Protein chains: 2
Amino acid sequence: MLGTQAAERLPMPAPTPAPSAGPAGSVRRRAGRPTAAILDQDGITTAALELISTKGYNGLTMAALARSLGVAPSALYNHVASKHDVLLLVEDHLAAMVDVSAFGVEPWDAAVRRWAWSYRDVFSEHTPLIPVIAVLPVANAPKTLAMYEAVTAGFRDAGFPEEKIISAIVALEAFVFGAAYDVNAPEDIFDAGSLAEQVPNLTAAVDRLAKERHALPTDIAFSLGLEALIAGFGALRG
Amino acid sequence: MLGTQAAERLPMPAPTPAPSAGPAGSVRRRAGRPTAAILDQDGITTAALELISTKGYNGLTMAALARSLGVAPSALYNHVASKHDVLLLVEDHLAAMVDVSAFGVEPWDAAVRRWAWSYRDVFSEHTPLIPVIAVLPVANAPKTLAMYEAVTAGFRDAGFPEEKIISAIVALEAFVFGAAYDVNAPEDIFDAGSLAEQVPNLTAAVDRLAKERHALPTDIAFSLGLEALIAGFGALRG
DNA sequence: ACCTGAACACCGTTCAAGT
DNA sequence: ACCTGAACACCGTTCAAGT
């Protein structure tokens, strides 16, 4: 690995002696503490998001992240304890992008609808974070915490019984996470192929959906489930 | 790695000359094709499941799998194309354990309830498979395909409109997958800790749930969501 | 066809040394 | 405190050689 890195370093003819903190391609910085810190958690988060959007989650390695920030991989560990920490930073950034603005403004059902669709859309591009967020103590992610507070307040103000609010949010979230994966499923995921005649009911149902649908299958399923949840939960309000 | 393996091999005094195909600890087998194949996909699947149950998914490496089968890691690639293939084999084995027996026997809502709870319970112990199954073309997994056929037939026989069956199953599945993660969440996942006073609505709702609950929070949320989905979808039947 | 043994190209993480 | 450079202990996968 190190040999590879050394080989990738371009031998620059007469490099400017002032070291730059820019991304890959900048000149060598000599060892020792720099006068001003190069890294911070915000910069790491931004670089991680950029890397994810260009190379996907497979491209998000500590080495690649360090390279895009113009530092050695080990430098990252002065600012995060682990790669999991980087994923947490990214997750919390994304949580702030989920639309909770309708709570307290629009009717409860419309607010839930907006929140759930936006939540699904944000994380469908970041499914590798779902195992992280799904078991993440909210105290570790301030923006995620703020999202839950906004949603909880919206439920309470809409007359939702207090002891059922968390359960309803957890259920909606479970549905959102699963649906985020489904967005990335291939369109023909239910095609049985050569085994079609062994599963006639499934094949018939798949064909009927394909014939009559007027939107993306994943969106139809999401809408169907979300409206059932909204209707069912809405009936709980006092 | 190879050095490590060699160091781990115990120098047995006068080993029995007949090579055994047993698990780790057996004598060295010399290179070349064995008279009878040692591996097959069923054996690999069983060994993978055993490894997962004892060491978890972090312990499921191609090296560990090979060791438990008494072969070199490279031998696995004569029977599977990749580690992802191993995960597929495990996933399909688990799909056969999901309870679809109530479809066509009990009323539709009871059958869906049984199926969904059992589906959640099976995969809550195997959450690393969820990203695999969620985007898996069913043609690649015969037992998974059989599960979908049974569920689809149950929906059709219950008078479900054919063009909505797949969407309803996809929605229920999304909920099940998200809920499977939630089973593994820490109980205090929503405790804001030192930030509690900044999120008063969330904290109040968490406290109320903790005070009044008579079951596991994850089961209450699952039941709440599942019953809403069953009620909403049940109304679609003709 | 189906093994072994060696190698390859990666990973995340640790830690001494430097300023 | 916050970098670099080197090292460590892994990964999954490939492939020639052997029977």
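Values below: all heavy atoms of this structure, side chains included; hydrogens, waters and symmetry mates excluded. Residue numbering restarts at 1 for every chain, and letters A, B, ... go by the order of the sequence lines. No experiment lies behind these values; they were computed from the predicted model shown.
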**Message:** Could you check, using the six-membered ring where one of them is a Trp, whether B:Phe177 and B:Tyr181 have ring centers closer than 6.0 angstrom?
**Reply:**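 When the ring centroids of B:Phe177 and B:Tyr181 are compared, they turn out to be at least 6.0 Å apart.
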
**Request:** Any chance you could encode DNA chain C as dot-bracket? Rule is Watson-Crick or G-U wobble with both distances under 3.5 Å; [ ] for pairs crossing earlier ones, | for another strand.
**Result:** ||.|||||...|||||.||

**Request:** Find out whether B:Leu69 and B:Ile38 are in side-chain contact, i.e. whether some heavy atom of one side chain is under 4.5 Å from a heavy atom of the other.
**Result:**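 No, side chains not in contact.
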
**Prompt:** With side chains defined as the heavy atoms from C-beta onward, is the minimum distance between A:Pro131 and B:Thr127 less than 4.5 Å?
**Reply:**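 Sidechains of B:Thr127 and A:Pro131: no contact.
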
Interatomic distance, [X] [atom1] vs [N] [atom2] [rounded to whole Å]:
X       : N      : atom1 : atom2 : answer
A:Asp40 : D:dA1  : CG    : C1'   : 14 Å
A:Tyr77 : D:dA1  : OH    : C1'   : 19 Å
A:Leu76 : C:dC15 : CG    : C1'   : 16 Å
A:Ile44 : D:dC3  : CD1   : P     : 9 Å
A:Asn58 : D:dG12 : CG    : C1'   : 13 Å
A:Asn78 : C:dC15 : CG    : C1'   : 11 Å
B:Leu65 : D:dC10 : CG    : P     : 18 Å
A:Arg67 : D:dT4  : CZ    : P     : 14 Å

**Prompt:** Once the angle between the rings of A:Tyr119 and A:Trp115 is folded into 0 to 90°, is it parallel (under 30°), tilted (30 to 60°) or perpendicular (over 60°)?
**Reply:**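 Correct class here is tilted.
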
Per [X] side chain, nearest of listed nucleotides [options]:
X       : options               : answer
B:Val71 : C:dT4, C:dT14, D:dC3  : C:dT4
B:Ile38 : D:dC3, C:dC3, C:dT4   : C:dC3
A:Arg33 : C:dT19, C:dC2, C:dC11 : C:dT19
A:Pro73 : C:dT13, D:dT13, C:dC3 : C:dT13
B:Pro34 : D:dT4, C:dC2, D:dG12  : C:dC2
A:Lys83 : D:dC3, C:dT13, D:dG12 : C:dT13
B:Ser82 : D:dT13, C:dC11, D:dC3 : D:dT13
B:Ala75 : D:dC3, C:dC3, C:dC11  : C:dC3

Once rounded to the nearest 0.5 Å, what's the spacing between atom [atom1] of [X] and atom [atom2] of [Y]?
X        : Y        : atom1 : atom2 : value
B:Asn140 : B:Leu89  : CG    : CG    : 11.0 Å
B:Arg114 : B:Phe103 : CZ    : CZ    : 10.0 Å
A:Asp121 : A:Asp219 : CG    : CG    : 7.5 Å

**Request:** Please tell me which of B:Ala31 and B:Ala81 maps to the more 5' nucleotide of DNA chain D, matching each residue to the nucleotide holding its nearest heavy atom.
**Result:**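 The answer here is B:Ala81.
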
**Prompt:** Considering heavy-atom distances to DNA chain D, does B:Met62 or B:Gly32 have its closest nucleotide positioned more toward the 5' end?
**Reply:**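 Nearest nucleotide further toward 5': that of B:Met62.
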
**Prompt:** Does anything in residues 172-193 of chain A pair up under salt bridge (Lys or Arg N to Asp or Glu O under 4.0 Å), and if so which pairs, sequence neighbours excluded?
**Reply:**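 Sorted result for residues 172-193 of chain A: A:Glu187-A:Arg213.
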
Pairs of donor and acceptor atoms involving the side chains of residues 43-50 of chain A, under 3.5 Å and at least two apart or interchain, shall be tabulated with distances.
{"from": "A:Thr45", "atom 1": "OG1", "to": "A:Gln41", "atom 2": "O", "distance (Å)": "2.6"}
{"from": "A:Thr46", "atom 1": "OG1", "to": "A:Asp42", "atom 2": "O", "distance (Å)": "3.0"}

**Message:** Is the phosphate of C:dG12 approached by A:His84 (side-chain N or O, under 4.0 Å from OP1 or OP2)?
**Reply:**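 So the side chain of A:His84 is outside the cut-off, no N or O lying under 4.0 Å from OP1 or OP2 of C:dG12.
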
**Request:** Report yes if at least one side-chain N or O of A:Arg29 is closer than 4.0 Å to OP1 or OP2 of D:dC3; otherwise report no.
**Result:**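 No, outside the criterion.
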
**Item:** Sugar-phosphate, base or nothing in reach of A:Ser74, heavy atoms under 4.0 Å
**Value:**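 It contacts base atoms.
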
**Item:** Residues touching DNA chain C, which here means a heavy atom under 4.0 Å, drawn from residues 46-54 of chain B
**Value:**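 The stretch gives none, as no residue of it lies under 4.0 Å from the strand.
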
**Item:** ring-ring contact (aromatic ring centres under 6.0 Å, His included) against A:Phe190, all qualifying residues, sequence neighbours excluded
**Value:**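 A:Phe190: ring-ring contact (aromatic ring centres under 6.0 Å, His included) contacts with B:Tyr148.
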
Atom pairs and distances, side-chain donor-acceptor, residues 132-139 of chain A, under 3.5 Å, sequence neighbours left out:
none

